[in-house]
Amino acid sequence: MGNLLNTLFGVLLILPIILFGVDLYSINATKSYLEARATTLSYRISKEGGVRQTLVNELASENIIINCFGECQTVSAGQIIKFQIATYYTPIVINAENFVITVTRTVMIGYL
């Protein structure tokens with residue numbers, strides 16, 4: 001009986017560590033996804049000449065928020081746009097509140 005209780009107690013101690021590892025993995029996967037999405041968005045923004053409403057709506061459907069630093073709607077070729085995309089992550093055991101994971105990029109319009 002004591003051996004069984006020790007085993008259960010050991011599993012209960014290891015379970016939060018495993019869940020912590022799952023949180024770290026999920027945060028890293030979300031960050032990697034945002035990095036890849038930001039690179040794709042950089043090409044698209046450069047090609048389209050700015051941040052269009054269709055792009056904002058597409059990102060909103062993926063639960064991604066885009067913020068521009070400065071003017072993003074009406075820009076001409078050669079201008080630089082700095083933007084940030086963000087999403088929320090709800091951790092399992094790290095914290096009771098949501099994390100905001102962000103990626104920032106700078107893109108030159110018309111330069112691929």
Side-chain angles (χ1 to χ4, degrees):
M1 183 69 179
N3 195 11
L4 179 64
L5 288 176
N6 285 337
T7 303
L8 289 175
F9 185 66
V11 169
L12 288 177
L13 288 177
I14 291 176
L15 186 63
I17 296 170
I18 293 171
L19 292 176
F20 182 75
V22 169
D23 267 346
L24 292 179
Y25 175 79
S26 298
I27 290 170
N28 188 27
T30 304
K31 179 78 171 181
S32 296
Y33 174 74
L34 281 182
E35 291 280 349
R37 192 71 170 114
T39 302
T40 305
L41 288 175
S42 295
Y43 289 119
R44 186 168 170 185
I45 289 171
S46 178
K47 184 179 175 185
E48 293 180 358
V51 178
R52 305 289 179 235
Q53 189 61 37
T54 56
L55 179 64
V56 174
N57 294 339
E58 179 185 322
L59 292 174
S61 69
E62 299 176 21
N63 294 327
I64 297 175
I65 303 164
I66 185 166
N67 299 318
C68 290
F69 303 109
E71 181 62 35
C72 287
Q73 299 293 331
T74 55
V75 293
S76 60
Q79 287 186 329
I80 295 176
I81 293 178
K82 186 174 183 180
F83 68 94
Q84 179 181 56
I85 59 173
T87 190
Y88 292 99
Y89 173 71
T90 306
I92 299 171
V93 294
I94 292 178
N95 198 354
E97 299 176 3
N98 290 342
F99 289 149
V100 179
I101 301 173
T102 62
V103 173
T104 304
R105 288 283 191 274
T106 303
V107 62
M108 182 181 288
I109 299 301
Y111 180 74
L112 295 174

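Source: prediction; values computed, not measured.
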- prompt: Say you draw a straight line from CD1 of I109 to CD1 of I81; how long is it, rounded to the nearest 0.5 Å?
  reply: 3.5 Å

Other residues, nucleotides, ligands: >12 heavy atoms within 6.0 Å of F20 CZ: no

- request: Keeping to residues at least two apart or across chains, list the disulfide bond (SG atoms under 2.5 Å apart) pairs with something in residues 16-69.
  value: C68-C72

query: From I66 CD1 over to R105 CZ, what is the distance, rounded to the nearest 0.5 angstrom?
result: 12.0 Å

query: Only one of Q53, R44, R52 forms a side-chain hydrogen bond (donor to acceptor under 3.5 Å, both in side chains) with E58, so which one is it?
result: R44

query: Which heavy atom in V93 sits nearest to a heavy atom in P16, and how many Å separate them?
result: CG2-O, 4.2 Å

message: Hydrophobic clusters here meaning ILVMFWY residues chained together by side-chain heavy-atom distances under 4.5 Å, can you tell me if I27 and V103 are in one?
response: yes

Point-to-point distance, once rounded to the nearest 0.5 Å, from CG of L19 to CG of L24: 11.0 Å

- request: Determine, using the 4.5 Å side-chain heavy-atom cutoff (strictly less than), whether F99 and Y33 are members of one ILVMFWY cluster.
  value: yes

- prompt: Any side-chain heavy-atom pair from L59 and L41 closer than 4.5 angstrom?
  reply: yes

- prompt: Could you give all pairs that pass the side-chain hydrogen bond (donor to acceptor under 3.5 Å, both in side chains) test and reach residues 11-26, with sequence neighbours left out?
  reply: D23-Y89

Backbone of N63 reached by a side-chain donor or acceptor of T87 within 3.5 Å: yes

message: For the backbone of M108 and the side chain of S46, can you confirm whether one donor and one acceptor N or O come within less than 3.5 Å of each other?
response: yes

query: Counting N and O atoms only, with roles assigned by atom type, does the side chain of K47 sit under 3.5 Å from a partner on the main chain of S42, one being a donor and the other an acceptor?
result: no

field: Approximate separation, where rounding is to 0.5 Å, of I18 CD1 and I92 CD1
entry: 11.5 Å

query: Nearest 0.5 Å, what's the CG-OG1 distance between L12 and T7?
result: 11.0 Å

message: Nearest 0.5 Å, please: how far is OH in Y88 from CD1 in I101?
response: 11.5 Å

message: Determine whether R37 and I64 satisfy the following criterion, side-chain contact (heavy atoms from CB on, under 4.5 Å), listing intermediate values before the conclusion.
response: CA-CA 10 Å; R37 192 71 170 114; I64 297 175; 4.3 Å; yes

